[in-house]
Engineer: 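Let me give you the structure first, and then I'll get to my questions.
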Amino acid sequence: MSNTLKAALWMIGAILSFSSMAIAGRAVAFELDTFEIMMYRSFVGVIVVITVTFLAGTQSQITRRSLGLHLTRNAAHFAGQNLWFYALTLIPLAQVFALEFTSPLWVIVLSPLVLGERLTRMRLLAALIGFIGILIVARPGATPINAGLVTAALSAIGFAFSIMLTKRLTRTETITCILFYLTTMQAVFGIIFAGWDMDIALPSAQSVPWLILIGFAGLIAHFCLTTALTLAPATVVVPIDFARLPAIAVVGMLFYSEPLDIYVLIGAILIFGGNYLNILNETRK
């Protein structure tokens, strides 16, 4: 089996995992707020990561030399993920996923500040194309800007900061170390924010399987995506990842009676085009 085919199979796993997490997030939103969802999700993640770490014998890789960077990275990811879960309850799934795909474009714009990278003309052009896509998805003026659109867009910025800070962490830290602090720190964040009002809701028996699915799906999705990128170049992986959008649009139509919005699809194609233009340019370099 070729590496490209292997990467495609791993990406199918990522698409299924991301879609499952979105469905599960909606399923538990009727009784848990986003902070509680993140808290329980992180508990599942902590158990999985610690178990795998000890089975693999990689606990010595967990160091404290970059605690400040881990803290900043996980604060950004925690904020982005909370906003993403909140947006799931307010707008169609396809809109949430389309706006989530703008994270790499925000990386282009913000990387000169965070990573010290140059903002070249081609990167700027890629970002502009993508942001035109955002305007088509949101259609300000034609449709009212609601909390769902705003939180979905802000979640992409949170994910962008998380991506950039993860890139900095990978210069010195292992995946085991990054995932350990990802789950443990966000579990602490979840406890603090979910318990801010001294009223943490316990999940019902109906919600427990969904919460376990959220915890596993998030880790599996990123593992599948990372594995695919080790087998094939981003020029192959990213178009497959983009299949998440039409897939989740069909899920929204079948399970939630959400209409297929042509403007969302057109805008998403432009967002994908901006991302892919940047990838092609960086690959040629």
Engineer: Please answer: with hydrophobic residues joined when any side-chain heavy atoms are less than 4.5 Å apart, are F272 and I136 in the same cluster?
Structural biologist: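 The answer is no; the residues belong to distinct hydrophobic clusters.
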Engineer: Does L219 share a hydrophobic cluster with L55, counting links as ILVMFWY side-chain heavy atoms below 4.5 Å and allowing steps through other members?
Structural biologist: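 Each belongs to a different hydrophobic cluster.
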Engineer: Where is the tightest heavy-atom contact between L165 and T72, given as atom of each residue plus distance?
Structural biologist: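 Heavy-atom minimum between the residues: CD1-CG2, 3.7 Å.
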Engineer: When you compare the side chain of I134 with that of L99, does any pair of heavy atoms fall below 4.5 Å?
Structural biologist: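 In short, these two side chains touch, coming nearer than 4.5 Å.
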Engineer: So L105 and V109, side chain to side chain contact (heavy atoms under 4.5 Å, CB included) or not? Walk me through it.
Structural biologist: CA-CA 7 Å; L105 302 175; V109 173; 5.9 Å; no
Engineer: Measure the OG-CD1 distance between S111 and I163 for me, rounded to the nearest 0.5 Å.
Structural biologist: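 That separation rounds to 11.0 Å.
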Engineer: I need the minimum non-hydrogen distance between M38 and N82, along with the two atoms involved.
Structural biologist: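 Scanning both residues, the minimum pair turns out to be CG-ND2, 3.4 Å.
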Engineer: What I'd like to find out is whether the side chain of F189 reaches to under 4.5 Å of the side chain of L71, using heavy atoms alone.
Structural biologist: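 Yes, at least one pair of side-chain atoms sits under 4.5 Å.
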Engineer: Nearest 0.5 Å, what's the CZ-CG distance between F131 and L135?
Structural biologist: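 Answer rounded to 0.5 Å: 9.5 Å.
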Engineer: So do the side chains of V28 and I214 get within less than 4.5 Å of each other, counting heavy atoms only?
Structural biologist: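 A side-chain contact under 4.5 Å exists here.
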Engineer: Quick check: do L229 and W10 have side-chain heavy atoms less than 4.5 Å from each other?
Structural biologist: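 When only atoms from C-beta onward are counted, W10 and L229 do not touch, as no gap falls below 4.5 Å.
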Engineer: M39 vs I200, test: side chain to side chain contact (heavy atoms under 4.5 Å, CB included). Steps then yes/no.
Structural biologist: CA-CA 10 Å; M39 181 185 69; I200 298 178; 3.6 Å; yes
Engineer: Nearest 0.5 Å, please: how far is OG in S17 from NE2 in H222?
Structural biologist: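 If I round to the nearest 0.5 Å, the distance is 9.5 Å.
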Engineer: If we check side-chain contact (heavy atoms from CB on, under 4.5 Å) with F180, which of these qualifies: T63, I175, T58, I62?
Structural biologist: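 Option passing the side-chain contact (heavy atoms from CB on, under 4.5 Å) with F180: I62.
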Engineer: Does anything in residues 245-265 form a salt bridge (charged side-chain N to carboxylate O under 4.0 Å, His left out)? List the pairs, not counting sequence neighbours.
Structural biologist: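 Non-adjacent pairs meeting salt bridge (charged side-chain N to carboxylate O under 4.0 Å, His left out): R26-E258, R139-D261.
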Engineer: Checking the side chain of S19 only, and the main-chain atoms of L16 only, is there a donor and an acceptor separated by less than 3.5 Å?
Structural biologist: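 Not at all, since once roles are kept as given, no pair shorter than 3.5 Å links the two residues.
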Engineer: Please find the pair of heavy atoms, one from S155 and one from G80, that lie closest to each other, and give the distance.
Structural biologist: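 Reported closest heavy-atom pair: CB-O, 3.2 Å.
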Engineer: Would you confirm whether N275, through its side chain, and I271, through its main-chain N or O, come within 3.5 Å as a donor-acceptor pair?
Structural biologist: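 Such a contact is found between N275 side chain and I271 backbone.
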Engineer: Restricting to non-hydrogen atoms, name the atom on A247 and the atom on I15 that form the minimum distance, rounded to 0.1 Å.
Structural biologist: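 Closest approach of A247 to I15, heavy atoms only: CB-CG2, 4.3 Å.
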Engineer: Does the side chain of F43 come within less than 4.5 Å of I191's, by heavy atoms?
Structural biologist: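 Heavy-atom side-chain distance check passes, below 4.5 Å.
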Engineer: Is the number of heavy atoms from other residues, nucleotides or ligands under 6.0 Å of Y256 OH greater than 12?
Structural biologist: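 Correct, the count exceeds 12.
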Engineer: Evaluate the side-chain proximity of E36 to P203: yes if any heavy-atom separation is below 4.5 Å, no if none is.
Structural biologist: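 Side-chain contact under 4.5 Å: no.
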Engineer: Looking only at heavy atoms, what is the nearest atom pair of Y86 and T34, with distance?
Structural biologist: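 Shortest heavy-atom separation between Y86 and T34 comes out as N-CG2, 3.6 Å.
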Engineer: Is there a side-chain contact between L154 and I157 in this structure, where contact means two heavy atoms from C-beta onward sitting under 4.5 Å apart?
Structural biologist: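 Yes - at least one pair of side-chain heavy atoms lies under 4.5 Å apart.
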Engineer: Among residues at least two apart in sequence or on other chains, which ones pass ring pair (Phe, Tyr, Trp, His ring centres under 6.0 Å) with F193?
Structural biologist: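 F193: ring pair (Phe, Tyr, Trp, His ring centres under 6.0 Å) contacts with F35, F78.
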Engineer: Are V137 and L260 linked, directly or through other ILVMFWY residues, by side chains that come within less than 4.5 angstrom of each other?
Structural biologist: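 Linked within one cluster.
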Engineer: Measuring from atom CG of L124 to atom CZ of R118, what distance do you get when rounded to the nearest 0.5 angstrom?
Structural biologist: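 CZ of R118 is found 12.0 Å from CG of L124.
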Engineer: Linking I/L/V/M/F/W/Y whenever any side-chain heavy atoms sit under 4.5 Å apart, do L179 and L69 land together?
Structural biologist: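 Yes, same cluster.
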Engineer: Using atom types as modelled and distance alone, determine if a side-chain donor or acceptor of T102 lies under 3.5 Å from a backbone N or O of A98.
Structural biologist: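 Pair absent, no side-chain N/O of T102 close to backbone of A98.
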Engineer: Kindly work out whether a path of hydrophobic side-chain contacts (I/L/V/M/F/W/Y, heavy atoms less than 4.5 Å apart) joins M122 to I108.
Structural biologist: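 No, it is not one cluster - the side chains of M122 and I108 are not joined through contacts under 4.5 Å.
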Engineer: Just by modelled atom types, is the F223 backbone N or O under 3.5 Å from a matching donor or acceptor in the T226 side chain?
Structural biologist: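 No.
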Engineer: Which distance, rounded to the nearest 0.5 Å, do you find between the CD of E31 and the CD1 of I37?
Structural biologist: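 Rounded to the nearest 0.5 Å, the CD-CD1 separation comes out at 9.5 Å.
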Engineer: Are the side chain of T120 and the backbone N or O of R123 linked by a donor-acceptor pair below 3.5 Å?
Structural biologist: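 Present.
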Engineer: Check the orientation of F242 and F101. Use parallel for under 30°, tilted for 30 to 60°, and perpendicular for over 60°.
Structural biologist: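 The arrangement is tilted - the two ring planes meet at 30° to 60°.
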Engineer: Rounded to the nearest 0.5 Å, how far does CD1 of I23 lie from CG of L213?
Structural biologist: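 Rounded to the nearest 0.5 Å, the CG-CD1 separation comes out at 8.5 Å.
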Engineer: Evaluate the criterion side chain to side chain contact (heavy atoms under 4.5 Å, CB included) for residue pair R73 and L182; output intermediate values, then yes/no.
Structural biologist: CA-CA 8 Å; R73 183 260 180 189; L182 165 70; 3.0 Å; yes
Engineer: Please collect all salt bridge (charged side-chain N to carboxylate O under 4.0 Å, His left out) contacts where either partner lies in residues 153-181, sequence neighbours excluded, each pair once.
Structural biologist: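 Every salt bridge (charged side-chain N to carboxylate O under 4.0 Å, His left out) pair that includes a residue of residues 153-181, provided the two are not neighbours, is R65-E173, E117-K167.
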Engineer: Sub-3.5 Å donor-acceptor pair from the side chain of D241 to the main-chain atoms of V237, do we have one?
Structural biologist: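 Flag not set: sc D241 to bb V237 has no pair under 3.5 Å.
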Engineer: Check whether any side-chain heavy atom of F30 sits under 4.5 Å from a side-chain heavy atom of T89, and report yes or no.
Structural biologist: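 A side-chain contact under 4.5 Å is absent here.
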Engineer: Please report the shortest heavy-atom distance between T172 and S66, naming the atom on each side.
Structural biologist: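 For T172 and S66, the tightest heavy-atom pair comes out as OG1-OG, 3.8 Å.
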Engineer: Go through it in stages, so that I can follow the logic: the residues are L202 and Y40, the test is side chain to side chain contact (heavy atoms under 4.5 Å, CB included), and I'd like the CA-CA distance, side-chain angles, deciding distance and then a yes or no.
Structural biologist: CA-CA 10 Å; L202 293 174; Y40 291 122; 3.8 Å; yes
